[in-house]
2 protein chains.
Amino acid sequence: MTVQNNEIIACDECKNGGCMIKFCHVDWLAFANEKKTQKLFRKGQHVFLEGNPVFGVFFIQQGKVKVTASNFNGKKQIVRLAGDGHILGHRGYTGETYPIDAFTLEDSCICFFDNQTLYDLFMENPMFSFEMMMFYSKELRKSEQRNKFFAQMTVEEKIIFTLLYMESTFGINALDKAINVTLSRQEIAEIAGTNAEQVSRTITSLNEKGFIRLVGKKILIMDAEGLKKKITRYRIGLL
Amino acid sequence: MTVQNNEIIACDECKNGGCMIKFCHVDWLAFANEKKTQKLFRKGQHVFLEGNPVFGVFFIQQGKVKVTASNFNGKKQIVRLAGDGHILGHRGYTGETYPIDAFTLEDSCICFFDNQTLYDLFMENPMFSFEMMMFYSKELRKSEQRNKFFAQMTVEEKIIFTLLYMESTFGINALDKAINVTLSRQEIAEIAGTNAEQVSRTITSLNEKGFIRLVGKKILIMDAEGLKKKITRYRIGLL
DNA sequence: AATACAACCTGTCTTTTTGCAGAAATTTTT
DNA sequence: AAAAATTTCTGCAAAAAGACAGGTTGTATT
């Protein structure tokens, strides 16, 4: 199922079960629905760019997004992948700007709630605040785990980890059993923190050994257990 | 000023301005105070260990803590340093256990609030929930930044970054201008994601070049600007 | 002061990773 | 269908990082 057109979907009719706005009381849900804006982003568009002022928070109704940060070299790093029901950005302080970029990986329908609306919701909907807090707290733990892994893993391990991360974030295509996202070698390198050559080498080798299978642009995980075993010296809490 | 004894300090008399419990209404603050437990941890003690069940959240009233994660190799990684007013852990789900260890770096006075108490506070104190959410959201961004840096930096850059991180977390001693924490080469390596030998070499070299000065166990940052310039090809948003 | 213990420093060797360059394959454009 | 452009793959040399080992310094204890 892909995003079709720019038709607005009301919050109480939204089929995205993971959206946390749903934790608001019914009348506040209507309020949220009134205040929100919704937009269809085509593949490769930016949702926001580094330096843009933070006016509110984006909720992904349906789609795939990469959050990237670049340094003065121009070297990019993908710091997070986000899918249906995930949040982009955070409620900002006055004058705050994004330290990161967000780009769609495919056509995506994304809702936006401004700072004031969110504040109103937070003040009157404790369950909503609670779930949002738990979301950030969980993402923080995941990020810390990744921090640890990436500080200690070899390049091959990082790439395996990245493939499993891609799978756990976007899932498997029911039809062809491939990872439900297509990233270039360069993009995979930007997640794993290495270069496209290493990714190419490693993926080829994993393919030859039967751990994965390459079908065109698609990557199929053939032996998830075997891959996990290769990085088992790290406790895998988040896969 | 160091922690002296195990005398309990009531929340409304606590001098730690950064503690978020203060965002509760006065009567709820009294409730929190009644429910909390407070304990003096001696240097090197664990606050909690990996695998321990998560019953609540720790608030550091005064002290210094390292949060570490280890893998099956026995290799350790310090994933966060925490000081006065910082939170340790998160509100857990039933049956959840910690994926990390927390150890005190010096004598520390730490308050504990159990899950039910926190839940009650969250439901009735929107400002408290809001601030907690903002805290986690900010820590998440910091962690993502670190993620990016560490994925791309050389060993020397990571060590410089670590020294600046130590300084920004614990500050500078007013008397001798040294970084307000003493970590072994091994511990610094566990933050930077390298080994003690590299840390030793790098620190010696930075000392010779005048960027830092080593006085006994203490490390003095002599040329913060020079150090930052060495890693300026990365946007430094969190120092 | 002597001893023991731990932390720290430094040289050497080995392994891993990177960066470059060109070939091969794939996709897009004409 | 051919040409052009982009992406991916692979070999090789250089650089970076890691592991090991011996020596030094510092601290605590007796």
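Bear in mind that the values here come from a model prediction, so they are computed numbers and not experimental data. We name chains A, B, ... by the order of the sequence lines, and we start the count at 1 in each one.
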TODO: Give a yes or no on whether a salt bridge exists between A:R141 and B:E96, defined as a side-chain N under 4.0 angstrom from a carboxylate O.
DONE: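 Judged by the 4.0 Å cut-off on N to carboxylate O distance, A:R141 and B:E96 do form a salt bridge.
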TODO: Determine, for A:E139 against A:K142, whether the closest basic-nitrogen to carboxylate-oxygen distance falls under 4.0 angstrom.
DONE: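 Answer for the salt bridge query: yes.
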TODO: Give me the ring orientation class for B:H46 and B:F103: parallel if the planes are under 30° apart, tilted from 30 to 60°, perpendicular past 60°.
DONE: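 Judged by the thresholds at 30° and 60°, the geometry between B:H46 and B:F103 is perpendicular.
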Task: Set of residues satisfying ring-ring contact (aromatic ring centres under 6.0 Å, His included) with respect to B:F113, sequence neighbours excluded - done: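 Applying ring-ring contact (aromatic ring centres under 6.0 Å, His included) to B:F113 gives B:F59.
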Which pairs of donor and acceptor atoms, one on a side chain in residues 185-193 of chain A, lie under 3.5 Å apart (sequence neighbours left out)?
unit_1 : atom_1 : unit_2 : atom_2 : d
A:Q186 : NE2    : A:E190 : OE2    : 3.1
A:E187 : OE1    : A:S184 : N      : 3.0
A:E187 : OE2    : A:K66  : NZ     : 2.7

In whole angstrom, what separates [X]'s [atom1] from [N]'s [atom2]?
X: A:E157; N: D:dG18; atom1: CD; atom2: C1'; answer: 14 Å
X: B:Q152; N: C:dG19; atom1: CD; atom2: C1'; answer: 15 Å
X: A:N195; N: D:dT8; atom1: CG; atom2: P; answer: 13 Å

Open item on the list: On a heavy-atom basis, which atom in B:A82 and which in B:I60 lie closest, and how many Å separate them?
Closed with: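 Shortest heavy-atom separation between B:A82 and B:I60 comes out as CB-CD1, 3.7 Å.
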TODO: Identify the residue among B:Q62, B:R42, B:Q45 that makes a side chain to side chain donor-acceptor pair (under 3.5 Å) with B:D107.
DONE: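 When B:Q62, B:R42, B:Q45 are each tested with B:D107, the side chain to side chain donor-acceptor pair (under 3.5 Å) holds only for B:R42.
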Open item on the list: Using 0.5 Å steps for rounding, measure from the CE atom of A:M134 to the CE atom of A:M20.
Closed with: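 It is 11.5 Å, given to the nearest 0.5 Å.
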Open item on the list: Five pairs per end, C1' atoms only: what is the angle between the end axes of the helix from C:dA1-D:dT30 to C:dT30-D:dA1, to 10 degrees?
Closed with: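 Answer for the end axes of this duplex: 40°.
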For nucleotides 22-24 of chain D, tabulate all protein N/O to nucleotide N/O atom pairs closer than 3.5 Å, reporting atom names and distance.
none

Name every donor-acceptor pair, under 3.5 Å, that has one atom in a side chain of residues 205-212 of chain B and the other anywhere in the protein, sequence neighbours excluded.
unit_1 : atom_1 : unit_2 : atom_2 : d
B:S205 : OG     : B:K209 : NZ     : 3.3
B:N207 : OD1    : B:L214 : N      : 3.3

Open item on the list: For a quick check, with a 4.0 angstrom heavy-atom cut-off, what is the B/S/- contact string for nucleotides 4-17 of chain C, read 5' to 3'?
Closed with: ---SSBBB-----S
Task: Centroid-centroid under 6.0 Å between A:F161 and A:F150 rings - done: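 Ring centres of A:F150 and A:F161 closer than 6.0 Å.
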